[in-house]
*Asks:* 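Sharing a structure with you now.
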Protein chains: 4
Amino acid sequence: MQVKKEGTITGSARRMQIVKATIATIAELGYHQASFARIAERARLSSTRLISYHFDSKDELMSQVIATVHGDLAIYLERRVGGATTAREALDSYIRSTVAYVKEHPAEMRAATEIHHHRRPESPAGSSLLERLLARGRDGGEFAAFDTRVMAMAIHRTLDGLPLLLDASPGTDLDAYADELAALYARATGHAPADTFRR
Amino acid sequence: MQVKKEGTITGSARRMQIVKATIATIAELGYHQASFARIAERARLSSTRLISYHFDSKDELMSQVIATVHGDLAIYLERRVGGATTAREALDSYIRSTVAYVKEHPAEMRAATEIHHHRRPESPAGSSLLERLLARGRDGGEFAAFDTRVMAMAIHRTLDGLPLLLDASPGTDLDAYADELAALYARATGHAPADTFRR
Amino acid sequence: MQVKKEGTITGSARRMQIVKATIATIAELGYHQASFARIAERARLSSTRLISYHFDSKDELMSQVIATVHGDLAIYLERRVGGATTAREALDSYIRSTVAYVKEHPAEMRAATEIHHHRRPESPAGSSLLERLLARGRDGGEFAAFDTRVMAMAIHRTLDGLPLLLDASPGTDLDAYADELAALYARATGHAPADTFRR
Amino acid sequence: MQVKKEGTITGSARRMQIVKATIATIAELGYHQASFARIAERARLSSTRLISYHFDSKDELMSQVIATVHGDLAIYLERRVGGATTAREALDSYIRSTVAYVKEHPAEMRAATEIHHHRRPESPAGSSLLERLLARGRDGGEFAAFDTRVMAMAIHRTLDGLPLLLDASPGTDLDAYADELAALYARATGHAPADTFRR
DNA sequence: GATGAATGAGGATTCATTCAT
DNA sequence: AATGAATGAATCCTCATTCAT
């Protein structure tokens, strides 16, 4: 294949610069407008050649964007969700933290989702933090019996859909959505008295 | 603008033929492979010219595909959901019927979802059947208090995500997913004893 | 694949026009300078798009060039070689006629040879007119015993090498080369008294 | 111009390493796949920069490859052909030795030929060993009268065509081809009783 | 002697669309 | 109603080479 430029400091910095520019471009213009030319323009690169110099292909660039965003989000979540003692608390925190991340990094989230949508359906990432969390709660009796894969899919896709709601009603505060979603999936996972989780 | 070809019989048939070929192409090859050339090939058209003759633009063609599928689904749903007396029954029927539709028309559903994903986030279709149903149940006291827009979004995106689950675990029966999702959103909408809706 | 444009009259004419322009471009600038842009320029086409409209790929265009030239040459040869009664006469005529063709159509010959050289070594065209001619002479006792495949290869490559000689000594008359080569392979095929075929 | 790196020991070794990698790359992938990137990869160089550091241009690299191979072959031939007393023996040895070289160094031969084919027809190398040998035999009366330039071209191109035959019939032994070609050009050069040189 | 980084020109090809019957 | 022909902009990517240590 090709000699990777990840090892060096400057190379790594360039890669990150390009990734950031890609995120900004997709967030603003949408995936299919995010050509190398447009990305290079935003990153103030002398030519698109610099992109293909640092990334094997457009596909690899996009994969890198997703990896970067998901990596960021994972760190963000683990730091916040880690403190929870019960699975129920953890789920509540997971949902609210994700919404908070969307609020703080709307471009990142939107870019990752758009890229994901523009790819052929690949098998999902396997057992995620969320899925493990759900399994723990269900097996420990905190939650009702349900298929964790289905539940995780539902939660993920609902959270990914937040930007759509924001576009539809730009004024709405994301905190309200966080409350709403936390309550929704608190009920959906069952067992606990509903009142506890009503806002 | 251009004179529409919808009025005539043969024109209408041609349009439907092209729409069907578009659905099949997207379902098999994915949206971004679904070029006019590929669609024409599948529809056995002599040239792509026939497509632009019958549709103002690619965008209009894709809109027509979505309109066709959503129209079909709407009829399908109204026929099945209409008989429900309570909002709870209606929601249960809505979810199960949608899954059934996915089962019977996988290509249609996949095409509509892919097209939707490949468009810039436009404002959703406004107050849908689902949203009205949810409002009725909530206002009538059957459901807990929640934002119907958020709940509708969650349900829609979860249902649209079904093909992803099927790709990940091809063997699974869709009937099992229907039970699972019906139960999930029965709990999520609150109030009724959970046991009633467990399978 | 793609709907071919060969059937129609104008399409066929366009294809031939492009083939001719390709031959001229290769003959003058060489294969690797013969880009679509350069060919389109020479053919006075509005854009390179016209080439890819009429040919599936550059490879198909080049194959078409070879097919055209070899088809022309085959007709040329059959008309002249057909009259020979003995295999020896036929061979003599084959060589002289090929040289004559090179003289009359230098660009065609050069283009075909260059294209051939720029492709990965594919298996040759199988039993050619030349090879059959050699087998007839050998089996009939006119020629010595030899491997017809090797002899045919030697003759073909020698004839294809003529343009190289012309470049080296531009002044030389091709008629002299024809005599020389005819005598060379008259001896090489053996048996007949050498003097007969000396010029 | 640029200061050549031929003088130093390590520089010379690097140059040879790159030449060898170029030969291997062309032999395996073909000339037009043999980019600096691909060659550097095969030679395990950290970047293509090392190539342009040691060679003024790609053209110079390719010329060096040809010079290396032809130099090798020349030494090989002189050692074997030198012992011959008559021109006829020398020719026989020349052909057989060249075939032997092809057998022992297929990659080198193929690379040299491909490079040669991919260049614009330049004037040949001038009076070669082969051409001098032919002139000696002809002028001394061993051979018939013929144009040594034409005969040399025929022999060279026939020998260069051997790889094509091998591709067409991979099983065949090169020794058989050596016999066949030696006999062919023994007859082609004339005068001596053909039987002497039949196998 | 060696190398990571950067460069811009040029490559074929795909695309939806318009022209002219 | 249908169609063959034509179009030019845009795509990603590859290339050999130069810059600056």
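All values derive from a computational prediction rather than experimental measurement.
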*Asks:* Please report the distance, rounded to the nearest Å, between CG in A/L50 and C1' in E/dG4.
*Replies:* 12 Å

*Asks:* Using the side-chain heavy atoms of D/R49, tell me which of these nucleotides is nearest: F/dA20, F/dG4, E/dT14.
*Replies:* F/dA20

*Asks:* Nearest to the side chain of B/S52, heavy atoms from C-beta on, is which of F/dT14, E/dT18, E/dA6?
*Replies:* E/dT18

*Asks:* Check each of A/R110, A/M62, A/Q33 against A/I26 using the side-chain contact (heavy atoms from CB on, under 4.5 Å) test, and report the only one that passes.
*Replies:* A/M62

*Asks:* Take atom CD of B/Q33 and atom P of F/dC12, then tell me their distance rounded to the nearest Å.
*Replies:* 15 Å

*Asks:* For E/dT13, what is the paired nucleotide under Watson-Crick or G-U wobble rules, both distances under 3.5 Å?
*Replies:* F/dA10

*Asks:* Using OP1 and OP2 only, check whether a side-chain N or O of C/R14 sits under 4.0 Å from F/dA6.
*Replies:* yes

*Asks:* Between A/A34 and D/S35, name the one whose nearest nucleotide on DNA chain F is closer to the 5' end.
*Replies:* A/A34

*Asks:* Does F/dG4 have its OP1 or OP2 closer than 4.0 Å to a side-chain nitrogen or oxygen of C/H54?
*Replies:* no

*Asks:* Name the closest nucleotide to the A/Y53 side chain, picking from F/dA6, E/dA6, E/dT13.
*Replies:* E/dA6

*Asks:* Between B/E60 (CD) and E/dT17 (C1'), how many Å, whole number?
*Replies:* 14 Å

*Asks:* Has C/H32 got a side-chain N or O lying under 4.0 Å from the OP1 or OP2 atom of E/dG11?
*Replies:* no

*Asks:* Name the closest nucleotide to the B/K58 side chain, picking from F/dA16, E/dA16, E/dT7.
*Replies:* E/dA16

*Asks:* Please state whether the rings of C/H118 and D/H118 are parallel, tilted or perpendicular, taking 30° and 60° as the class boundaries.
*Replies:* tilted

*Asks:* Atom OG1 in D/T68, atom CZ in D/R15: separation rounded to 0.5 Å?
*Replies:* 8.5 Å

*Asks:* How far does CD1 of A/I23 sit from CD1 of A/I18, to the nearest 0.5 angstrom?
*Replies:* 12.5 Å

*Asks:* How would you label the contact of A/F36 with the nucleic acid (heavy atoms, under 4.0 Å): base, sugar-phosphate, or nothing?
*Replies:* sugar-phosphate

*Asks:* CZ of D/R38 versus C1' of F/dC13: gap in Å, rounded?
*Replies:* 12 Å

*Asks:* Please give, in whole Å, the distance from E/dG11 P to C/Y31 OH?
*Replies:* 13 Å

*Asks:* F/dG8 C1' sits how many Å from C/I51 CD1, rounded?
*Replies:* 14 Å

*Asks:* Applying a 3.5 Å limit to both distances, which nucleotide forms a Watson-Crick or G-U wobble pair with F/dT18?
*Replies:* E/dA5

*Asks:* Please report, rounded to the nearest Å, how far the C1' atom of F/dT18 is from the CG atom of D/D56.
*Replies:* 13 Å

*Asks:* Using heavy-atom distances to pick each residue's nearest nucleotide on DNA chain F, tell me which of A/S57 and C/L45 is more 5'.
*Replies:* C/L45

*Asks:* Under 4.0 Å between a side-chain nitrogen and a carboxylate oxygen: does that hold for C/E28 and C/R38?
*Replies:* no

*Asks:* Give a yes/no answer on whether the side chain of A/S46 brings an N or O atom under 4.0 Å of OP1 or OP2 in E/dG8.
*Replies:* yes

*Asks:* Does A/R119 pair with A/E114 as a salt bridge, N-O distance under 4.0 Å?
*Replies:* no

*Asks:* Rounded to the nearest angstrom, tell me the gap between atom CD in D/E41 and atom P in F/dT14.
*Replies:* 12 Å

*Asks:* If you assign each of A/S47 and B/T48 to its closest nucleotide in DNA chain E, which residue comes earlier from the 5' end?
*Replies:* A/S47

